[in-house]
Amino acid sequence: MALNPGNMESQWEEVVISKRKPTDTKSTKAINQAIRSGAEVDTQKKFGGGGNQQHMVSKNTAKLDRETEELKVDKVPLTVAKAIQQARQAKEWSQKDLATKVNEKQTVINEYESCKAVPNQQVLNKLERAWELN
């Protein structure tokens with residue numbers, strides 16, 4: 001089997017493309033050399049540059065901590081939870097049955113009955129309609 005059909009010689013020449021290395025303008029050696037040669041050197045200090053930002057304490061940190069500790073989310077009142085549970089038991093429905101009728105998950109009904117849910121008026125309206133229809 002011939003690797004070079006027709007005895008053609010390779011006409012490819014090797015081409016090397018290289019980029020010019022950038023001149024170092026940030027090192028102290030390059031800056032000192034530019035100063036000695038009389039070139040104009042412009043230096044700027046960055047605001048907050050060189051500081052470790054992870055461990056930097058802000059003035060508002062204490063204020064933010066106080067605000068987040070006092071934050072409370074309203075939960076379903078015990079009276080509403082008991083009313084939902086009694087109405088469901090009066091119809092002899094399980095939590096799963098009620099959830100199916102109002103098109104919600106069983107965990108939502110469970111959270112409402114155990115006072116863990118954040119009250120949502122849409123869900124409460126669905127529950128009222130479920131008891132009125134049946």
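It should be emphasised that the depicted structure is a prediction, and the values quoted were computed from it without experimental measurement. We use all heavy atoms of the structure for the numbers below, so side chains are in, but hydrogens, waters and symmetry mates are not.
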- Task: Only pairs at least two apart or in different chains count here, so list each salt bridge (charged side-chain N to carboxylate O under 4.0 Å, His left out) that has a residue in residues 110-128.
- Result: Arg88-Glu113, Glu104-Lys126
- Message: Is it true that, when you exclude Gln89 itself, more than 12 heavy atoms of the residues, nucleotides or ligands shown sit nearer than 6.0 Å to its CD?
- Response: yes
[X] to [Y] - nearest heavy-atom pair and separation:
X      : Y      : answer
Asp74  : Pro119 : O-CD, 3.3 Å
Lys75  : Cys115 : CB-O, 3.6 Å
Ser37  : Ala34  : OG-O, 3.0 Å
Ala130 : Leu98  : CB-CD1, 4.4 Å
Ala81  : Tyr112 : CB-O, 3.2 Å

- Do Ile84 and Trp131 pass the side-chain contact (heavy atoms from CB on, under 4.5 Å) test, and can you show the C-alpha distance, the side-chain angles, and the key distance before you say yes or no? CA-CA 10 Å; Ile84 292 171; Trp131 288 308; 4.0 Å; yes
- Task: Measure from the side-chain N and O atoms of Asn110 to the backbone N and O of Gln106, and report whether any donor-acceptor pair falls under 3.5 Å.
- Result: no
- Query: For Glu92, what residues pass the side-chain hydrogen bond (donor to acceptor under 3.5 Å, both in side chains) criterion, not counting sequence neighbours?
  - Reply: none
- Report yes if some heavy atom in the side chain of Val80 is under 4.5 Å from a heavy atom in the side chain of Leu124; otherwise report no. yes
- Between the CD1 atom in Ile109 and the CD atom in Gln95, the distance rounded to the nearest 0.5 Å is 7.5 Å
